[in-house]
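Letters A, B, ... are given to chains in the order of the sequence lines, protein chains preceding strands, and every chain is numbered from 1.
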Amino acid sequence: MTKNPLNERQQRAVTSPTNQILVLAGPGSGKTRVLTHRIAHLVQGGVAPYRILAVTFTNKAAREMETRLENMLGGKANGVWLGTFHATCARILRREALPGSSLPFDTRFVIMDADDQLSIVRRAIKELNISDKLFRPNAVLSAISNAKNNLILPQDFAARSYRDEVILRVYQRYQQSLQSSNALDFDDLLLWVVRLFSANPEVQNRYAHQFEYVLVDEFQDTNRVQYELLRQLSSAYGNLFVVGDEDQSIYRWRGADYRNVLRFEKDYPRCEKILLEQNYRSTQTVLDAARGVIDQNRNRTRKHLSSARAEKGKQIVLFEAVDDHEEAEYVVSTIQRALRDKLAEGADFAIMYRTNAQSRVLEEAFLSAGLPYRLVGAQRFYGRREIKDMIAYLRLVYNPSDDVSLGRVINVPARHIGDKTVEALQEAARSAGISAGELLLELGAPEPEAAFNGLLPARIHGVLQPFARHLHEWHNQLDSASLPALFDRILEDTNYQAWLDDGTDEGTDRWANVLELRKLAFDYETRGLEAFLENLALVSDQDTLPEENNAATLLTLHAAKGLEFDRVFIIGMDDGLLPHSRSKDDEEEMAEERRLFYVGLTRAKNQIYLVRAERRSTYGSYEYSTPSQFLEDIPRSLVQESGKVKPVRRVVNPAWDETMTWGRVPQAPASARTPQPALQSRYKATMRVRHPSWGDGVILESRIEDGEETVDVHFESVGFKRLLASLAKLEILS
DNA sequence: AGATGAGCGGTTTTT
DNA sequence: CCGCTCATCT
């Protein structure tokens, strides 16, 4: 693909001299390629790399662009500001949060992750004597995040109801906690840059004059803060190049607003709009199916994606399993068969699902089949208790004011510091006007300042002393010792291994995780603790997970955006899962669910498998569901069904042939069926056969199911089919 | 202070 | 079903 020349429109997008350019790029239309080529074009035209800012949505996308630029230009593009919104903002704030700035934190701020945020909210709710039943911490946090995404700080928050009043109070307390911990949450990173720029035009100007060119990926998923930020950053030169696709907007719940695309056209009436509709990824079958789905959405620019590839491609396979276990087994066995027949390799496959919870059953099936897989996202590594502990230690050493981290590790491993002791410490710190961590640091000094003597009762002081001393020593090492040395020192001083690795399998496992993190710390030996912590906070886990060799990928539909795979399974094609039940009352949300499905479909280069289960276990009991309504929008001619025999279901979509049945071969009710003696297989694996319409193929497997012989055949023309031997008119060739 | 066990609530999606 | 919180006991 890299060898191909750019098509005419891509070329235009890369070289156009227009100031503001809006590229509407369908899936697989070479969007990343256009972005990287444009950056390369700018650099080769003499623009200094540091004057180019390119913003991506994920770290992964940023790294991929970096690699491509490296390949194109060697080191010539080094220095381009390339990163996510959040990483870019963190970088700006680390420079600007100097003493005397208007910002309520200094350059040693730490970044709170979702867990930290939630524990701050919980604490605030508790301290304010609010019921956490009526005000769910999660809901309150999302209200706060929502406000921040709209640039609303507590002082700007207009409470229009009792509920708002309460949320506001929590918000205030929450913000205070962050401030006293010298911490920022994700939303703050963006918010404070915008506030900084608004309050200090000279600072904004400095950056705006630095960034002669601003380029943005996944523009449809920007929110209001991000839009504002882009406006500010490009305000000097007005060179703003944005790439996006309304149809792939899937982050509305996070404040993203694809109408930013419309806003862009309105705010920059002289912008040039370029449509990329030539698809270089998928077969026409994949595109037709995707189009059938997305064309049901209104209020969008209709695109006419056409495949640059000649072949129509394999039909879409639809499989209905009886339950989620069979669903997973179907995925695994289909992959195994393809591997065995050398039709594909592991890394060609991706299995996508709506909710993270669905990965569990899949993982079990992969494990028991001995099939390698890699799971992206889902807090696998960084959510681990032992990992969070070690990170908390490091964060605390870096920034002793970090209350959340202090609370996490002050008594881990247990060192007789209970709630009462912590409370006394906090009270004493408050009366001294410093944070608890700072006070500890002081108490651990060889000669603490006299002012801090007598703040605490002698007994409590004594209990805290050993920990305080350690903290002081670690903190002192910050500038002299390397990160790995500090890491080891903490492990040693806390006796962490002995505490964690208690001889059980789980303990060994946990210790192995710590060693994994330690390995990562060695990678940051030269860059240091600050870079290490920032990376841990901002880089999602998909980046750092050890790459399993040639393994299938398990990921949510959200995480799939921007990726491509040869063969894609989308599982859980059930009403209530996709579209998700939480979306069904809201038209906008339903449209977003549809886009999510569209994103999944368009990841496939060659083959799509849509899989559902009639029932799946949730919380221990079974729940039944009907097929996803989205399935009805896929043209019938593109689909080939597969699965176990079960009662006929009628299809409601008039686009389908009335006489067609859904999912199954029709069959008499069970009661009318006479049990048949086990019958002999007529077909065996490796036999060559001929089908009247599909031509020649080879039998992959034959088995007796419910008294019927079922054969899996791979046809040269259409690929994999599962057939009932009694119905298919197969001719045996060899 | 720490260990144990009953009870409960939770699942959308992520930088 | 699982993991977490809270209450109770040692």
Side-chain angles (χ1 to χ4, degrees), chain A residues 55-62 83-90 111-115 117-119 122 126 132-133 136-139 141-142 145 148-149 184-191 217-218 221-223 225-226 249-256 324 352-361 376-379 382-383 385 410-422 459-460 463 499 534-543 555-562 572 576-584 586 589 592-593 595-597 599-600 616-623:
Chain A
V55 193
T56 60
F57 205 66
T58 63
N59 294 288
K60 198 170 184 177
T84 61
F85 274 103
H86 293 86
T88 303
C89 287
I111 300 166
M112 296 286 175
D113 69 16
D115 276 352
Q117 292 182 350
L118 213 51
S119 64
R122 282 212 187 91
K126 189 170 275 175
D132 61 356
K133 297 255 159 37
R136 294 259 152 76
N138 264 317
L141 181 58
S142 91
S145 171
K148 289 189 176 186
N149 284 330
L184 300 186
D185 65 20
F186 285 120
D187 302 318
D188 281 339
L189 291 169
L190 312 183
L191 176 70
D217 194 10
E218 307 282 10
D221 279 325
T222 51
N223 61 30
V225 185
Q226 290 163 339
S249 165
I250 54 176
Y251 286 100
R252 201 178 92 96
W253 50 275
R254 204 167 88 183
D324 44 356
M352 302 174 188
Y353 35 83
R354 177 64 235 267
T355 67
N356 279 308
Q358 289 169 263
S359 72
R360 194 167 186 145
V361 183
V376 321
Q379 288 254 318
Y382 296 110
R385 204 173 41 228
I410 194 167
N411 200 30
V412 173
R415 42 177 84 91
H416 302 279
I417 302 175
D419 292 348
K420 283 272 162 15
T421 312
V422 172
R459 194 184 54 82
I460 290 180
V463 171
W499 176 78
E534 184 141 320
N535 189 60
L536 290 176
L538 293 179
V539 171
S540 57
D541 18 19
Q542 49 236 55
D543 311 300
L555 74 181
T556 62
L557 287 161
H558 282 88
K561 193 168 72 162
L577 259 183
L578 185 67
H580 198 274
S581 52
R582 300 272 271 243
S583 307
K584 67 170 185 289
D586 185 309
E589 282 184 33
E592 179 144 316
E593 295 288 307
R595 292 193 291 269
L596 196 51
F597 184 35
V599 166
R616 55 183 77 240
S617 41
T618 37
Y619 307 139
S621 66
Y622 275 120
E623 250 161 50

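- Distances from the side chain of A:H558 to the nucleotides B:dT14, B:dT15, B:dT11 place B:dT14 closest.
- When rounded to the nearest whole Å, the span between CZ of A:F57 and C1' of B:dT13 equals 11 Å.
- Checking side-chain atoms of A:D324 against main-chain N and O of A:S617 turns up a donor-acceptor pair under 3.5 Å.
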List the steps, then state whether side-chain contact (heavy atoms from CB on, under 4.5 Å) holds for A:R252 with A:D586.
-> CA-CA 12 Å; A:R252 201 178 92 96; A:D586 185 309; 3.9 Å; yes
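- Contact annotation: the side chain of A:I111 never approaches that of A:H86 to less than 4.5 Å [non-hydrogen atoms, C-beta and beyond].
- Under the 4.5 Å side-chain criterion, counting only non-hydrogen atoms from C-beta, A:L577 is not in contact with A:Y353.
- Taking atom CE of A:M352 as the reference point, atom P of B:dT14 lies 13 Å away to the nearest angstrom.
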What protein N or O atoms touch nucleotides 8-10 of chain B N or O atoms at under 3.5 angstrom, if any, and at what distances?
{"residue": "B:dG10", "atom": "OP1", "partner": "A:R136", "partner atom": "NE", "Å": "2.7"}
{"residue": "B:dG10", "atom": "OP1", "partner": "A:R136", "partner atom": "NH1", "Å": "3.1"}
{"residue": "B:dG10", "atom": "OP1", "partner": "A:R136", "partner atom": "NH2", "Å": "3.3"}

Protein N or O to nucleotides 1-7 of chain B N or O, pairs below 3.5 Å:
{"residue": "B:dA1", "atom": "OP2", "partner": "A:G418", "partner atom": "N", "Å": "2.9"}
{"residue": "B:dA1", "atom": "OP2", "partner": "A:T421", "partner atom": "OG1", "Å": "3.3"}
{"residue": "B:dG2", "atom": "OP1", "partner": "A:H416", "partner atom": "N", "Å": "3.3"}
{"residue": "B:dG2", "atom": "OP2", "partner": "A:N411", "partner atom": "ND2", "Å": "2.9"}

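- Phosphate contact (OP1/OP2 of B:dT13, side-chain N/O of A:N356, threshold under 4.0 Å): present.
- No side-chain donor-acceptor contact under 3.5 Å links A:N356 and A:T556.
- A:L190 places its CG atom 8 Å from the C1' atom of B:dT15, with the value rounded to the nearest Å.
- Scored by the ring-ring contact (aromatic ring centres under 6.0 Å, His included) test, A:F57 finds A:Y251 as partners (sequence neighbours excluded).
- The nearest whole Å value for the distance from the CG atom in A:L557 to the P atom in B:dT13 is 11 Å.
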Short N/O separations, protein against nucleotides 2-10 of chain C, under 3.5 angstrom:
none

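- Rounding to whole angstrom units, CG of residue A:L577 and C1' of B:dT13 are separated by 12 Å.
- In this structure, A:N411 and A:T421 have side chains that are not in contact, with every pair of non-hydrogen atoms separated by 4.5 Å or more.
- Note: CD (A:E592) to C1' (B:dT13) measures 9 Å, nearest angstrom.
- Spacing between atom CG of A:D115 and atom P of B:dT15 amounts to 14 Å, rounded to whole angstrom units.
- Comparing A:A87 and A:H580, the nucleotide of DNA chain B nearest to each residue sits closer to the 5' end for A:H580.
- A:S581 is linked by a side chain to side chain contact (heavy atoms under 4.5 Å, CB included) to A:K584, counting only residues two or more places apart in sequence or in another chain.
- Every residue two or more places apart in sequence or in another chain that forms a side-chain hydrogen bond (donor to acceptor under 3.5 Å, both in side chains) with A:R616 is listed here: A:E327, A:D574.
- Of the side-chain N and O atoms in A:T618, none sit less than 4.0 angstrom from OP1 or OP2 of C:dC1.
- Across all strands, A:Y251 comes closer than 4.0 Å only to sugar-phosphate atoms, never to a base (heavy-atom distances).
- A 4.5 Å side-chain heavy-atom check between A:T56 and A:E218 finds every atom pair outside the cut-off.
- Taking for each of A:Q117 and A:R582 the nucleotide of DNA chain B with the nearest heavy atom, the 5'-most of the two is the partner of A:R582.
- For the pair A:L555 CG and B:dT13 C1', the interatomic distance rounds to 12 Å; values are reported in whole Å.
- Residues A:E592 and A:S583 form no side-chain contact, since every pair of their non-hydrogen atoms from C-beta on lies 4.5 Å or further apart.
- Annotation: side chain of A:Q117 is in contact with side chain of A:F186 (closest heavy-atom distance under 4.5 Å).
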